[in-house]
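Read the structure below first, then the notes.
Quick caveat, the model's predicted, so the values are computed rather than measured. Numbering of ligands and ligand atoms starts at 1, following listing order.
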Amino acid sequence: MPSMTKGRSFQRSGSIKVEVRVGELDIPDDLKHMSTPFSPRIAIIGGGPAGLVLVNVLARNNIAATLYERDAEFSSRAHLGGVLDLHPETGQAAMKGAGVWETFQKNSRPEGEETKILDKDGNVVYHHVPPADNTSPSRPEIDRSLLRKILVDAAPAGSIKFGHAFVSATPVTGTTQWELVFANGHKTVVDLVIGADGARSRVRLLVSDAAIRYVGLTGVEVSMSPDVGAAHKELLARIGSGSAYALDGPKFFAAQINGDGRVRTYAWFHSNDPDVVPSDPAAAIPFVLSHLEGWAPWMRQLIELADPQAVYHRPLYMLPVGHSWKHRAGVTLVGDAMNLMTPFAGQGANIAVWAALQLALKIIGVREGGGGLQEMDGAVAAYEQEIGKRAKEEATVTEVNLNIVLNGEGAKGMAEAFRLIEARTRSTAEV
Ligand SMILES: Cc1cc2nc3c(=O)[nH]c(=O)nc-3n(C[C@H](O)[C@H](O)[C@H](O)COP(=O)(O)OP(=O)(O)OC[C@H]3O[C@@H](n4cnc5c(N)ncnc54)[C@H](O)[C@@H]3O)c2cc1C
């Protein structure tokens with residue numbers, strides 16, 4: 001177990017030299033040999049896309065960090081999560097920064113960018129097919145679980161600790177350090193704790209009293225196993241190579257081809273009660289179908305044929321658009337913990353990994369500039385300002401799309417929004 005106990009001196013603001021006796025320090029095995037003058041103790045809480053990109057970018061730049069994930073092991077949520085399309089200027093930039101670009105390219109599916117928007121009868125009102133010659137910015141799709149695996153495999157041995165659910169953090173008196181406590185009894189003291197712990201972030205409680213808000217749409221994520229999909233090729237043909245979205249009233253249906261052969265389907269509808277869907281899968285499926293009365297038979301069939309072992313409830317929540325907080329030394333947030341938004345503009349993971357890259361670059365910049373902990377704190381505060389602005393822009397676009405669903409503007413309304421996003425992407429790429 002890579003842990004040790006030692007005392008360290010830090011030169012802090014006002015030139016007061018503080019001698020701190022710290023508790024256990026976790027240093028990944030691969031990074032133990034490094035002894036740079038700038039060696040902050042960094043804990044990342046959460047091993048979603050944001051936390052995993054962060055730990056990789058830091059490690060590639062010889063800055064040790066330990067990532068704590070509450071899942072018992074990598075495979076704890078094997079069938080969960082669909083595909084993510086990573087955008088060139090955000091998601092793909094983060095893959096490059098994390099050193100996994102080539103592996104990402106090998107495992108992603110450019111053809112998965114194909115997108116259809118349909119009405120409930122299956123009439124196509126928008127169809128985007130990625131150009132074969134790559135003349136427009138490509139947004140290849142990758143299975144979420146595969147992306148996670150690539151990033152876990154790339155991280156230094158020992159830098160990711162599964163089975164560590166973060167419980168609380170207490171300031172260490174007279175310092176800006178935090179003592180972290182985990183559900184398994186593990187404790188550690190760090191200079192910086194980064195909350196990459198998603199929508200219901202516990203780290204967020206250290207800096208912000210903002211609460212996530214239920215947006216009024218609930219539903220399920222289901223998936224058809226690959227063998228069932230193979231026996232129903234006509235359903236796959238309806239979807240195409242990527243994703244098909246259907247809207248009617250305040251209802252949103254999404255079906256997507258995954259790289260592992262699963263066909264994943266989401267169905268959301270308006271309800272004041274986020275937990276209205278029965279917890280028993282055998283009851284949940286007919287309940288959801290009752291909200292899709294009169295919808296195209298092939299759409300209903302994607303739900304009827306779902307694997308009962310892989311039915312997940314998906315009520316949708318968001319943080320206030322432009323969520324921000326007064327900077328607090330030694331703690332920050334990244335990804336959904338900072339700016340949870342609904343999935344209707346496909347931006348959450350892209351902004352999450354891009355923010356992780358930016359935060360890592362800020363920390364690396366401190367080391368390169370010969371700075372110490374005080375400078376790191378300033379750099380983290382600057383990160384919060386910059387990412388806050390960018391995340392607000394994407395959350396605003398996402399909220400517009402959410403309102404298209406909630407207001408029942410249907411397939412035509414969403415198609416119009418997609419065309420605007422497409423035009424915006426093109427103009428950004430042309431600059
Ligand atoms: C249905 C759906 C579809 C989506 N589609 C897209 C899309 O197409 N494109 C896109 O860009 N975005 C999409 N998103 C958004 C995207 O999933 C999120 O923005 C992204 O996963 C955020 O990454 P993250 O690392 O910040 O958080 P998460 O992915 O939520 O990861 C958080 C991690 O923290 C761990 N954790 C939580 N609490 C603790 C704790 N106390 N201690 C230790 N570990 C903890 C969790 O187990 C988890 O592994 C979608 C979201 C949903 C719900």
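Taking all heavy atoms of Ala352, Ala196, Ala355 into account, the minimum distance to atom 32 (C) of ligand 1 is reached by Ala196. Evaluated by nearest non-hydrogen atom to atom 21 (O) of ligand 1, the leading choice among Arg202, Met341, Glu394, Arg144 is Arg144. Among Ala254, Gly219, Gly91, Gly198, the residue whose heavy atom sits closest to atom 27 (O) of ligand 1 is Gly198.
With a 4.0 Å heavy-atom cut-off, ligand 1 is reached by no atom of Phe182.
Side-chain contact between Lys412 and Tyr126 is absent, with no heavy-atom pair separated by less than 4.5 Å. You'll find the side chain of Pro171 stays beyond 4.5 Å of the side chain of Gln177, heavy atoms only.
In this structure, atom 33 (C) of ligand 1 lies nearest to the protein heavy atom Gly48 N, 3.6 Å. When only non-hydrogen protein atoms are considered, atom 38 (N) of ligand 1 lies nearest to Arg70 NH1, 3.4 Å. Summary of contacts: the protein heavy atom closest to atom 3 (C) of ligand 1 is Pro343 CB, 3.6 Å. Shortest contact from atom 34 (O) of ligand 1 to any protein heavy atom: Gly46 CA, 3.2 Å. Here the protein heavy atom with the shortest distance to atom 13 (C) of ligand 1 is Leu84 CD2, 3.7 Å. Atom 1 (C) of ligand 1 has its closest protein heavy atom at Tyr266 CE2, 3.4 Å. Ranking protein heavy atoms by distance to atom 8 (O) of ligand 1, first place goes to Val83 O, 3.8 Å.
The shortest N/O to N/O separation between Ala349 and ligand 1 falls below 3.5 Å. At least one N or O atom of Gly346 sits closer than 3.5 Å to an N or O atom of ligand 1. An N or O contact shorter than 3.5 Å is missing between Arg314 and ligand 1 by distance. Taking only nitrogen or oxygen atoms, main chain and side chain alike, Asp336 reaches within less than 3.5 Å of ligand 1. Considering backbone and side-chain N/O of Ala50, one or more are found under 3.5 Å from N/O of ligand 1. Any N or O atom pair closer than 3.5 Å counts here, and Phe166 shares at least one such pair with ligand 1.
Ligand 1 is approached by His164 to a heavy-atom distance shorter than 4.0 Å. Residue contacts with ligand 1 include Glu69, since one of its heavy atoms falls under 4.0 Å from the ligand. Residue contacts with ligand 1: Pro49 is included, with a non-hydrogen atom under 4.0 Å away. Remark: distances from the non-hydrogen atoms of Trp268 to ligand 1 include one below 4.0 Å. The closest approach between Arg148 and ligand 1 falls below 4.0 Å for a heavy atom of the residue.
Atom NZ of Lys96 has more than 12 heavy atoms from other residues, nucleotides or ligands within 6.0 Å. Asp209 CG: 12 or fewer foreign heavy atoms inside a 6.0 Å radius. At most 12 heavy atoms of other shown residues, nucleotides or ligands fall within 6.0 angstrom of atom CZ in Arg238.
With a 6.0 Å cutoff to the six-membered ring centre and a 45° limit on the axis angle, Arg314 does not count as a cation-pi contact of Trp268. Within the cation-pi definition used here (under 6.0 Å to the ring centroid, within 45° of the axis), Arg200 qualifies as a partner of Tyr317.
For ligand 1, the atoms sitting less than 4.0 Å from at least one non-hydrogen atom of Asn350 are 11 (O), numbered in the order shown with element in parentheses. Contact atoms of ligand 1 toward Gly335: 26 (O) (distance under 4.0 Å to a heavy atom of the residue). Near Gln347, the atoms of ligand 1 lying under 4.0 angstrom from a non-hydrogen atom of the residue are 10 (C), 11 (O). Atoms of ligand 1 lying under 4.0 Å from any heavy atom of Tyr68, numbered from 1 in the order shown and given with element: 43 (C), 44 (N). Residue contact check: Ile45 has heavy atoms under 4.0 Å from atoms 42 (N), 43 (C) of ligand 1.
For the pair Arg262 and Asp307, the salt-bridge criterion is met [side-chain N within less than 4.0 Å of a carboxylate O].
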TODO: Dump the intermediate steps for ring-ring contact (aromatic ring centres under 6.0 Å, His included) on Phe253 and Tyr245, then the final yes or no.
DONE: CA-CA 6 Å; Phe253 171 98; Tyr245 306 116; 9.5 Å; no
Open item on the list: One pair to check against side-chain hydrogen bond (donor to acceptor under 3.5 Å, both in side chains): Glu114 and Ser243. What are the steps and the verdict?
Closed with: CA-CA 6 Å; Glu114 182 179 358; Ser243 300; over 6 Å; no
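Looking only at distances, a side-chain donor or acceptor of Asn401 sits under 3.5 Å from a matching main-chain atom of Phe344.
Using modelled atom types, one finds no donor on one side chain facing an acceptor on the other under 3.5 Å when comparing Ser271 with Asp273. Residues Asp119 and Asn123 bring a donor and an acceptor atom of their side chains to less than 3.5 Å of each other. For the residue pair Thr332 and Glu384, a side-chain donor N or O sits within less than 3.5 Å of a side-chain acceptor on the partner. A donor-acceptor contact closer than 3.5 angstrom is absent between the side chains of His127 and Thr115.
The two residues Lys392 and Thr396 make their nearest non-hydrogen contact at O-OG1, 2.6 Å.
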